[in-house]
Amino acid sequence: MAGFQVRTNPMQRYRQWLTHKLAGWQEQQGRIGCTGCGRCIAWCPVGIDLTEEAEAILWEGSLDV
Amino acid sequence: MSDLFLPRVAVIDQRTQESSNIFTLRMQFEDSDAQETFSFSPGQFNMVTLFGVGEIAISIVNDPLDSHFFDHTIRIVGRVSEGLSKLKLGDHVGIRGPFGRGWPMQEAQGRDVLLVTGGLGCAPLVSVIRYLMNRRDQFGHINILQGVKHANDLIWREQYEKWIQEKDVKVLLAADVATQGWQGQQGMVTELIDQLSLRIGRIIALLCGPELMMMAAIANLRSLGLPDNQIWFSMERNMQCGMGQCGHCQIGPKLVCRDGPVFCYSELADFLGSKGF
Ligand SMILES: Cc1cc2nc3c(=O)[nH]c(=O)nc-3n(C[C@H](O)[C@H](O)[C@H](O)COP(=O)(O)OP(=O)(O)OC[C@H]3O[C@@H](n4cnc5c(N)ncnc54)[C@H](O)[C@@H]3O)c2cc1C
Ligand code: SF4
Ligand code: FES
């Protein structure tokens, strides 16, 4: 794309996964991008819990990456 | 399933070599009904398929009045664009589109129009320039600032020379690397803004090019007092579906293919240049 990569490091991609599902999707598609099935929490190989991370973002109130 | 998922066959009618690595393909849909009903606005794009290779987003460079054909000006950068460059007259491509929201031609009515383009980004603005020139009486002064990396990258020279002849039209050119005989200046396109005596209260600015260049131009225009809602620009992102389905092209809450590619600065101010978005 236009000769550059948009999200160059894992932190930016991780931020994208979270905020896209929970925030961006709402404006893009008119609803939240997570159905709440919990599969990602059950199977995440490094133990990431989406709900905990969302809470952390809420309390820290910062998306600086 | 919507028709827009399905490429329609278009036939190459004409091929123009614009520079060593830029070429224009003029085409029309094989199906004459498809051609007759094809309508677009300046700034919109098509997804162009090279069969068996891939599909890429390419702007439509025509005035919407051109109803019998449409043109794509393409720079060779990779697999698909290079393959397209080898097509011959009579060959087929697939076309989905037109997609996206184009330039705010309604808002621009009656205003002075400032066009700033840089780097490789001229294609999405060419359609606007043609639109303005064909409806000259509907707009005020027109200032075109065109920056290129290398003097040899400037294409559409004859057209610029024609446009310059029009009343109240100014064209300033800048090249990072000038060559002998270059009639423009050497340097950044954003520096040209300071050389114009702009009627700030009457201007709408349309920008296109690398994001860093657009951000520099926006900063410059805002410092001159141009309000955010009169600054518009065209974004580029990796596109797959072109129609708001896949998410590849997103920047923050916006889908560039559907909500853009043309945005008003006030819509994207928080995200333009924000790392990782
Ligand atoms: C809305 C929109 C409108 C566009 N309009 C036009 C247009 O009118 N004309 C045009 O030529 N292009 C246009 N583009 C860019 C075009 O889509 C890409 O150049 C194309 O996807 C490249 O595909 P490829 O298979 O040829 O290259 P790939 O094989 O995908 O890429 C090969 C290499 O080139 C780099 N690259 C990819 N794109 C570019 C680029 N634009 N500039 C520099 N390097 C790049 C890649 O990073 C990669 O390293 C537009 C893009 C968008 C989103
Ligand atoms: S909970 Fe289910 S729907 Fe939500 S992100 Fe995880 S896997 Fe996806
Ligand atoms: S390209 Fe698929 S959503 Fe924009």
Side-chain angles (χ1 to χ4, degrees), chain A, chain B residues 21 45 54-59 75-81 118-124 149 208-214 233-261 263 267-268 270-277:
Chain A
M1 186 280 307
F4 74 93
Q5 204 180 351
V6 178
R7 290 174 274 281
T8 47
N9 62 48
M11 225 197 303
Q12 293 172 345
R13 296 187 197 127
Y14 182 45
R15 191 279 308 146
Q16 176 69 15
W17 171 63
L18 282 163
T19 65
H20 171 236
K21 262 180 202 312
L22 304 175
W25 202 298
Q26 312 227 21
E27 180 170 335
Q28 290 164 6
Q29 311 293 355
R31 59 185 163 91
I32 192 168
C34 167
T35 63
C37 74
R39 249 181 302 198
C40 60
I41 303 170
W43 295 104
C44 180
V46 293
I48 292 169
D49 181 332
L50 180 82
T51 58
E52 274 173 20
E53 297 306 305
E55 207 165 341
I57 290 176
L58 275 179
W59 292 122
E60 281 165 30
S62 159
L63 291 183
D64 287 343
V65 284
Chain B
N21 61 349
F45 63 95
E55 190 184 41
I56 58 176
I58 300 290
S59 310
R75 178 182 292 262
I76 301 175
V77 296
R79 232 157 37 99
V80 179
S81 48
L120 319 172
C122 47
K149 276 215 181 80
C208 179
E211 281 171 40
L212 284 174
M213 166 255 151
M214 294 200 292
F233 54 89
S234 183
M235 292 288 290
E236 248 190 50
R237 280 289 180 273
N238 174 17
M239 287 184 183
Q240 300 293 322
C241 69
M243 46 195 282
Q245 302 291 316
C246 72
H248 275 83
C249 65
Q250 63 192 295
I251 169 164
K254 302 290 184 195
L255 294 172
V256 174
C257 67
R258 183 191 71 190
D259 306 322
F263 290 97
E267 296 174 299
L268 265 191
D270 292 343
F271 293 98
L272 189 65
S274 178
K275 273 216 167 60
F277 280 90

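Worth saying up front: this structure is predicted, and the values here are computed from it rather than measured. A note on names: the letters A, B, ... follow the listed sequences, proteins ahead of strands, and every chain is numbered from 1.
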* Asked: Ignoring hydrogens and geometry, is there a side-chain-to-backbone donor-acceptor pair from A/Arg15 to B/Gly276 under 3.5 Å?
  -> yes

* Asked: Going through the distances and angles, do A/Arg7 and B/Lys275 end up as a side-chain contact (heavy atoms from CB on, under 4.5 Å)?
  -> CA-CA 8 Å; A/Arg7 290 174 274 281; B/Lys275 273 216 167 60; over 6 Å; no

* Asked: Does B/Lys254 reach the side chain of A/Glu27, with side-chain heavy atoms less than 4.5 Å apart?
  -> yes

* Can you tell me if A/Gln28 uses its side chain to pair, donor with acceptor, with the backbone of B/Gly252 under 3.5 Å? -> yes

* Structure fact -> Under 4.5 Å to a heavy atom of chain B? For A/Gln16 that would be side chain

* Does A/Trp25 offer a backbone N or O that forms a donor-acceptor pair with the side chain of B/Gln250 under 3.5 Å? -> no

